[in-house]
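Labels below follow one simple rule: chain letters A, B, ... track the order of the sequence lines, proteins then strands, and each chain is numbered from 1.
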Protein chains: 2
Amino acid sequence: MTSTASSRIPQEERTRLMRARLLDATVECLVERGFSGTSTTLVSERAGVSRGAQLHHFPTKNDLVVAAVEHLTEVRGAELAAAARRLPRGDRRTRAVVRMLGDHFSSPVFTAALELWVAARSDPALMAAVEPLEQRVGRETHRLTVELLGADESVPGVRELVQATLDLVRGLGLANTLTDDTRRRGRILDQWARTLDTALDGALHATLQETT
Amino acid sequence: MTSTASSRIPQEERTRLMRARLLDATVECLVERGFSGTSTTLVSERAGVSRGAQLHHFPTKNDLVVAAVEHLTEVRGAELAAAARRLPRGDRRTRAVVRMLGDHFSSPVFTAALELWVAARSDPALMAAVEPLEQRVGRETHRLTVELLGADESVPGVRELVQATLDLVRGLGLANTLTDDTRRRGRILDQWARTLDTALDGALHATLQETT
DNA sequence: CAACAAACAGTCAAGCCTGACTTTTAATTC
DNA sequence: GAATTAAAAGTCAGGCTTGACTGTTTGTTG
């Protein structure tokens, strides 16, 4: 054993940690400086990782950013799942669900994702990485929302209302990047929750009347 | 008169035309290449305007882009007003209104605006130009939507429903920049139009019951 | 314990974008 | 019709970003 106690960290673990630090720093830079303001130099400095080390793990900026997209996807999924677990049961469930979604789509991870979407729009290589991941996230979020709302998608119109809810929070998230919008968002989503509740009930009753 | 018939264009008009060509080219570049892909050189080439002429009108990139923001604001307003005038009267009004809004927020002008919003997020000078204009557009669009829907904002909840409609189309517009989304958008907005109609009625009835 | 491989660190040249400068062209005014 | 002034055209240097290259440290294997 030539190694001292402090250097007992296995190589594999070191690699994982180094990459994680770089990817976290990348996401931070995306939020603070935007995509084009995120230079690889800045990321390496921010992560406290040498330029050489960075280029060892991610040879080009694209490699770094694509990995950041994947990393961010995982973070978004985890955050959403965690928030979902904290939701109260019973009454006012719908309100809590849409508020949670609204908050999630107004968080820094959304901002970072937004930067990547917009950048991908004019960068085919990035788009190739972003698109499939985004579709997966979209489907998962939809599934989760349906589950949390206890909605019945076999009823006509319900699927569209859930999608509308997600597109709404996406729009609110976008508005939130320009000016802090928390209060306005709260009011809108409260009203949305009420409307959604009666609409989901209404759709159900309409279907029941048709079938009976 | 030394000038020939073809050079009879007054200086003032020439200037106006030259600026318009540059600003249109800027918006086109924003849509096709994104904000950071929009170099001043590219814009001058695209506009068929020499670099010197460009720098005469807009000394810095920021000057050009800020002017493009203002220009785009006008274009957006005009497009929306024109689309509003084409709307059918009478039945299915709500459906037509939300579809029109959905289309507008999925058009190239929205894409260009999106690029500017995201860029402004990490550029204070640009933000200073974008924010006030965006607020004005937001207010105008809201007012127009209320008018087109014939909604009564004195009824509680109605204002929020209109805002939600606008944030929804914003979210749909954002989704549309990643993948063409026309069909999905149509279904969602049709359902939302139905829901909005009953919700607006519902809000009205609820208020009537409270007051009687 | 020694040899080998992988990770890490730092430097630097090439390429691109911006905006300053100079020259040329066109319009206006006396 | 000539002088004056504004607009347009072209050129180029400075600054920034990227990623290629070389040297050093750390972990692994025989």
Side-chain angles (χ1 to χ4, degrees), chain A residues 1-23 25-26 29-30 32-68 115 119 122-123 125-126, chain B residues 1-23 25-26 29-30 32-68 115 119 122-123 125-126:
Chain A
M1 286 287 165
T2 49
S3 15
T4 61
S6 66
S7 64
R8 271 278 179 77
I9 313 131
Q11 218 174 25
E12 203 180 321
E13 181 67 8
R14 286 173 59 91
T15 297
R16 207 191 55 75
L17 220 88
M18 189 65 86
R19 289 175 64 99
R21 260 163 62 196
L22 281 167
L23 295 178
T26 305
C29 283
L30 282 174
E32 287 179 20
R33 309 268 188 123
F35 183 85
S36 69
T38 299
S39 77
T40 54
T41 316
L42 201 71
V43 171
S44 65
E45 279 172 14
R46 175 135 211 161
V49 169
S50 78
R51 188 137 182 76
Q54 178 189 39
L55 266 74
H56 172 74
H57 290 290
F58 307 104
T60 72
K61 183 179 181 182
N62 239 333
D63 291 332
L64 178 66
V65 171
V66 166
E115 289 284 345
S122 38
D123 181 340
L126 193 54
Chain B
M1 286 290 166
T2 49
S3 13
T4 61
S6 66
S7 65
R8 272 281 179 75
I9 314 130
Q11 216 174 27
E12 203 179 321
E13 181 68 9
R14 284 174 61 90
T15 297
R16 206 192 55 75
L17 220 88
M18 190 66 84
R19 288 177 64 101
R21 260 162 63 197
L22 282 166
L23 295 178
T26 305
C29 283
L30 282 173
E32 287 177 20
R33 309 269 187 122
F35 184 85
S36 71
T38 300
S39 79
T40 53
T41 318
L42 200 71
V43 170
S44 64
E45 280 172 13
R46 173 136 213 164
V49 170
S50 80
R51 187 137 183 76
Q54 178 188 41
L55 265 73
H56 172 74
H57 290 289
F58 307 105
T60 73
K61 182 181 183 182
N62 239 331
D63 291 332
L64 178 65
V65 171
V66 166
E115 289 285 344
S122 39
D123 181 339
L126 193 54

| query | Quick one: is D/dA9 close enough that its OP1 or OP2 comes under 4.0 Å of any side-chain N or O from B/Ser50? | reply | yes
| said: Determine whether a donor-acceptor pair (N or O, by modelled atom type, separation under 3.5 Å) exists between the side chain of A/Gln54 and the backbone of A/Leu22. | reply: no
| query | Under the side-chain contact (heavy atoms from CB on, under 4.5 Å) criterion, do A/Val65 and A/Phe58 qualify, and how do the steps go? | reply | CA-CA 9 Å; A/Val65 171; A/Phe58 307 104; over 6 Å; no
| task | Starting from C1' on D/dA7, measure out to CZ on B/Arg19 and report it in whole angstrom. | result | 13 Å
| task | Give the rounded distance in Å between these two atoms: CZ of A/Arg16 and P of C/dA7. | result | 15 Å
| remark: Applying side chain to side chain contact (heavy atoms under 4.5 Å, CB included) to A/Ala125 and not counting sequence neighbours gives A/Asn62, A/Asp123
| request: Name all pairs fulfilling the salt bridge (Lys or Arg N to Asp or Glu O under 4.0 Å) condition that reach into residues 45-67 of chain A, sequence neighbours left out, sorted by first residue then second. | output: A/Glu28-A/Arg46, A/Glu32-A/Arg46
| message | I need the CZ-P distance between A/Arg21 and C/dA7, as an integer number of Å. | response | 15 Å
| request: Please report, rounded to the nearest Å, how far the C1' atom of D/dA9 is from the CG atom of B/Leu22. | output: 13 Å
| message | At less than 4.0 Å, is any side-chain N or O atom of A/His56 found next to OP1 or OP2 of C/dA7? Yes or no. | response | yes
| Rounded to whole angstroms, how far apart are CG on B/Leu17 and P on D/dA6? | 21 Å
| request: Quickly work out the A/Met18 CE to D/dT25 C1' distance and round it to whole Å. | output: 12 Å
| query | For the side chain of A/Arg33 and the backbone of A/Thr38, is there at least one donor-acceptor N/O pair under 3.5 Å apart? | reply | no
| task | At under 4.0 Å between heavy atoms, which parts of nucleotides 14-21 of chain C does protein reach? Answer with one letter per nucleotide, 5' to 3': B base, S sugar-phosphate only, - none. | result | ----BBB-
| query | Does the side chain of B/His57 get closer than 4.0 angstrom to OP1 or OP2 of D/dA8 through an N or O atom? | reply | yes
| request: Under the side-chain contact (heavy atoms from CB on, under 4.5 Å) rule, what do A/Leu23 and A/Leu64 come out as? Steps first, then yes or no, please. | output: CA-CA 7 Å; A/Leu23 295 178; A/Leu64 178 66; 4.3 Å; yes
